[in-house]
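The structure under discussion appears below in the form of structure tokens.
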Amino acid sequence: MSSPVRVRFAPSPTGFLHVGGARTALFNWLHARHTGGTFVLRIEDTDRERHNEEAVRAIYDGLHWLGLDWDEGAEKGGDYGPYYQSERAPVYERYLKILQDKDMIYEDAGALRFRSPRETVTVHDEVCGSIPFDLSNPGTHPDMTVRRPDGSWIFHFVNVVDDIEMKITHVIRGEDHLSNTPKHVELYQAFGVEPPKFAHLPLILNPDGSKMSKRDTGASVQSYIEQGYAPEAVRNYLCLLGWSPKDNREILPIEEIINIFELKNINRRSAGFDLDKCFWMNGQYLLQMPLERFADFSIPFIDQAGINYGTREALLPALALVKEKVKHLTDVPAWIEFFFNDDYAYDQASVEKALRADGALERLHVIGDCLTRLELWTAESLESAFKALATTLGLKTAALVHPARVAATGRSVGPSLYHLLELLGRDRVLKRLTRTREKFTA
RNA sequence: GGCGCGCUCGUCUAGAGGCCUAGGACACAGCCCUCUCAAGGCUGGUACACGGGUUCGAAUCCCGUGCGCGCUGCCA
């Protein structure tokens, strides 16, 4: 019988949430949810950086957006707080005392160092296997500093102390910590505590193989929020970076991933971040998303673009027509604008192509006559009308559809013409045909 | 430099000795569908880093080389 799983995400507040950090948080969360364990959020705001509310906020916001809820920790509370390292000085003092009493700490130029036992330490990693590290040579493995002369604490020390105090059972973190882990194990042993299980995650790289840093495109979770990604799409994509269900499935509901997620199935090789694929996945999610949810996501972007659509009820039909076109939520306003603005702009290239062609404007006139007499104003009847008219005139349907589309929307691309005309309504369509003809006849 | 980890199509990956003339997905190209753009369907391309072993047989095991990354800090 092993004790209940307790995992943690322990970011330091740098002002934004990095996708690498988000992936680390995600894998911790998945392991917690898969095992029914507890996911803890601890803020590692040590050293001179004072507790910065804004920087911490960026972490909360990113995690909330991705749906990675934590059970315990910063902003939430719990039995093992405080969850900000800046508030845990007494704990660190207490643990320092333990080592001092064992004569394992000495002073060096004002700083405090941990005296390494100088043994071979084997790290047992759920992902990488068992790796022995020979720490016997002080030249290559100097005694680690645990506290600076100014009294501030070093990461390795506080990290281990907190994990002990918070009863963390699995340390799941980036592979950049693998080489630090034997040092951490020495500390656990010095405290007489059984080390937790470790799982080191492969790093996330740029497409060119370089390390992903702040400035790189797509590095910040915030950028996905701003560009109109669906959180579940980004989360799904992140799951596939270093983990796979191994059965060729890629788009999986998160419940299913929680179900089959195993630390053992995590890869060891670092993964290049493929923005194209993330983009594609977002389109897939938007395509399959229920209309109401799509509307919830879209409305902020529509509002931001200043489109006056009236009521949500009026907006929904337009969104329904356009949903399958959208790859980024930021594109929604451009797709639907013509529905709500009679003074829509004409795309120059589209005008040249569809309206400047021989006879195009005359055809607009004929179409107008035809639509005036149309009995039923539905997509189906519109379609038959266009096709019948084309046959009568000895034209391809496209020769009527293209000018009509540009006249009614100002653009040459968009959703199904017949459905769009239906939604616009006869009066507005006829006015638009006339307006367009007059505008370009001069 | 030392130590550690890794190396399958451009990218993410499947593959745990024979099922692999290496499968899927993204991207790319072509075709089909079609009122446009997408979506969808079909088709295509020069992927097991290299060299030695072990074995009847290796992408899969072992050793070396190379390359990449990480750690080596009074950064986290």
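Chain identifiers are assigned alphabetically (A, B, ...) following the order of the sequence lines, protein sequences preceding nucleic acid strands; residue numbering begins at 1 within each chain.
- When distances run from any side-chain atom of A:R113 to the nucleotides B:rC5, B:rC74, B:rA76, the shortest one goes to B:rC74.
- A donor-acceptor pair shorter than 3.5 Å can be found between the side chains of A:T181 and A:H200.
- Taking atom CG on A:D347 and atom C1' on B:rC37, their separation rounds to 13 Å, with Å as the unit.
- For the pair A:R411 and B:rC37, the criterion of a side-chain N or O lying under 4.0 Å from OP1 or OP2 is not met.
- Using the Watson-Crick or G-U wobble rule with both distances under 3.5 Å, B:rC37 pairs with nothing in any strand shown.
- Pair assignment for B:rC61: B:rG53, on the basis of Watson-Crick or G-U wobble contacts that are both within less than 3.5 Å.
- Contact annotation for A:F133: backbone-only contact, meaning every heavy-atom pair under 4.0 Å involves sugar-phosphate atoms and none involves a base.
- Judged by the 6.0 Å distance and 45° axis criteria, A:R23 is not positioned over the aromatic ring of A:W243.
- Nucleic acid contact class of A:L240 (heavy atoms, under 4.0 Å, all strands): sugar-phosphate only.
- Rounded to a whole angstrom, the distance from the P atom of B:rC75 to that of B:rC71 is 14 Å.
- Here B:rC35 presents its P atom at 15 Å from CG of A:L420, a figure rounded to the nearest Å.
- Under 4.0 angstrom from either OP1 or OP2 of B:rA76 there lies no side-chain N or O belonging to A:R173.
- Atom CZ in A:R269 sits about 12 Å away from atom C1' in B:rC69, given to the nearest Å.
- Nucleotides B:rG70 and B:rG24 place their C1' atoms 30 Å apart, quoted to the nearest Å.
- For B:rC35, the base has a donor-acceptor partner in the side chain of A:S416 [N/O atoms by modelled type, under 3.5 angstrom].
- For A:S244, counting side-chain heavy atoms from C-beta on, the closest listed nucleotide (B:rA25, B:rU13, B:rC75) is B:rU13.
- For A:S270, no side-chain nitrogen or oxygen approaches OP1 or OP2 of B:rC69 to under 4.0 Å.
- Side chains of A:D162 and A:Y92: a donor on one and an acceptor on the other come within 3.5 Å.
- Under the Watson-Crick and G-U wobble criteria, each requiring two contacts below 3.5 Å, nucleotide B:rC7 is paired to B:rG66.
- For A:L203, counting side-chain heavy atoms from C-beta on, the closest listed nucleotide (B:rU72, B:rG70, B:rA38) is B:rG70.
- B:rA59 and B:rC50: their P atoms are spaced 11 Å apart (whole Å).
- Counting non-hydrogen atoms under 4.0 angstrom, A:D276 reaches the backbone sugars and phosphates but no base.
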Would A:F155 and A:H177 count as a ring-ring contact (aromatic ring centres under 6.0 Å, His included) if you check the C-alpha gap in whole Å, the side-chain angles of each, and the deciding distance to 0.1 Å? CA-CA 11 Å; A:F155 160 77; A:H177 286 302; 5.2 Å; yes

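- In this structure, A:S130 and A:W335 both approach RNA chain B, and ranking their closest nucleotides by distance from the 5' end singles out A:S130.
- Across B:rC20 and B:rA38, the matching P atoms stand 36 Å from one another, rounded to whole Å.
- When rounded to the nearest whole Å, the span between CG of A:D176 and P of B:rG6 equals 15 Å.
- Between A:H156 and A:H184, the two ring planes are tilted [angle within 30° to 60°].
- A gap of 30 Å separates the C1' atoms of B:rG4 and B:rA22, to the nearest Å.
- Mapping A:V413 and A:A111 onto RNA chain B via the closest heavy atom, the residue that lands nearer the 5' end is A:V413.
- In this structure, A:P142 reaches the sugar-phosphate backbone alone: every heavy-atom distance under 4.0 Å involves primed, P, OP1 or OP2 atoms, never a base.
- Nucleotide B:rC48 forms no Watson-Crick or G-U wobble pair with any nucleotide shown, as no partner meets the under 3.5 Å limit on both distances.
- Ring centroid separation for the pair A:F27 and A:F261 comes in under the 6.0 Å cut-off.
- Whole-Å rounding puts the A:R147 CZ to B:rA76 C1' distance at 19 Å.
- Whole-Å rounding puts the A:D247 CG to B:rG15 C1' distance at 13 Å.
- Across all strands shown, A:A10 has no heavy atoms under 4.0 Å from either base or sugar-phosphate atoms.
- Nucleic acid contact for A:T397: none, since no nucleic acid atom lies under 4.0 Å from a heavy atom of the residue.
- The partner of B:rC42, taking Watson-Crick or G-U wobble pairs whose two distances both stay under 3.5 Å, is B:rG30.
- For the P atoms, the distance linking B:rG64 with B:rA27 amounts to 42 Å, nearest Å.
- Taking atom CG on A:N236 and atom P on B:rA25, their separation rounds to 16 Å, with Å as the unit.
- Phosphate contact (OP1/OP2 of B:rC5, side-chain N/O of A:R268, threshold under 4.0 Å): absent.
- Using a 4.0 Å heavy-atom distance criterion, A:G242 is classed as a sugar-phosphate-only contact.
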Could you walk me through whether A:E375 and A:S381 satisfy the side chain to side chain donor-acceptor pair (under 3.5 Å) test, starting with their C-alpha distance in whole Å, then the side-chain angles of each, then the deciding distance to 0.1 Å, before giving a yes or no? CA-CA 8 Å; A:E375 279 182 39; A:S381 61; over 6 Å; no

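- The side chain of A:N267 places an N or O atom within less than 4.0 Å of a non-bridging phosphate oxygen (OP1 or OP2) of B:rA14.
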Show the numbers, then the answer: is there a salt bridge (Lys or Arg N to Asp or Glu O under 4.0 Å) between A:R118 and A:D143? CA-CA 9 Å; A:R118 304 264 155 245; A:D143 288 336; 2.8 Å; yes

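- Across all strands shown, A:H200 has no heavy atoms under 4.0 Å from either base or sugar-phosphate atoms.
- Contact annotation: A:K387 side-chain N/O to B:rC35 OP1/OP2 distance is under 4.0 Å.
- Nucleotides B:rC31 and B:rU13 place their P atoms 33 Å apart, quoted to the nearest Å.
- Nucleotide B:rC20 is matched to nothing when pairs are restricted to Watson-Crick or G-U wobble geometry with both distances under 3.5 angstrom.
- Considering only side-chain N and O atoms, A:K246 lies under 4.0 angstrom from the phosphate OP1 or OP2 of B:rA14.
- The C1' atoms of B:rA16 and B:rG23 are separated by 16 Å, rounded to the nearest whole Å.
- Applying the 4.0 Å criterion to OP1 and OP2 of B:rG4, one finds that A:S179 has every side-chain N and O outside that range.
- Rounded to a whole Å, the CG atom of A:N265 is 12 Å from the C1' atom of B:rA14.
- In this structure, A:R435 forms a cation-pi arrangement with A:Y344, its terminal cationic atom sitting closer than 6.0 Å to the ring centre and no more than 45° off the ring axis.
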Evaluation steps, side chain to side chain donor-acceptor pair (under 3.5 Å), between A:S152 and A:R148: CA-CA 5 Å; A:S152 60; A:R148 300 186 188 86; 2.8 Å; yes

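- Residue contacts for A:H177: at a heavy-atom cut-off of 4.0 Å it reaches a base atom on one of the strands shown.
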Could you walk me through whether A:E165 and A:Y95 pass the side chain to side chain donor-acceptor pair (under 3.5 Å) test, one step at a time? CA-CA 10 Å; A:E165 277 285 293; A:Y95 274 76; 2.7 Å; yes

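- For A:E250 against B:rG24, a side-chain N or O and a base N or O form a donor-acceptor pair under 3.5 Å.
- Of the residues in residues 279-288 of chain A, those lying under 4.0 Å from RNA chain B by heavy-atom distance are A:W280, A:Q284, A:L287.
- B:rU72 is paired with B:rG1 under the criterion used here, namely a Watson-Crick or G-U wobble arrangement in which both key atom distances are under 3.5 Å.
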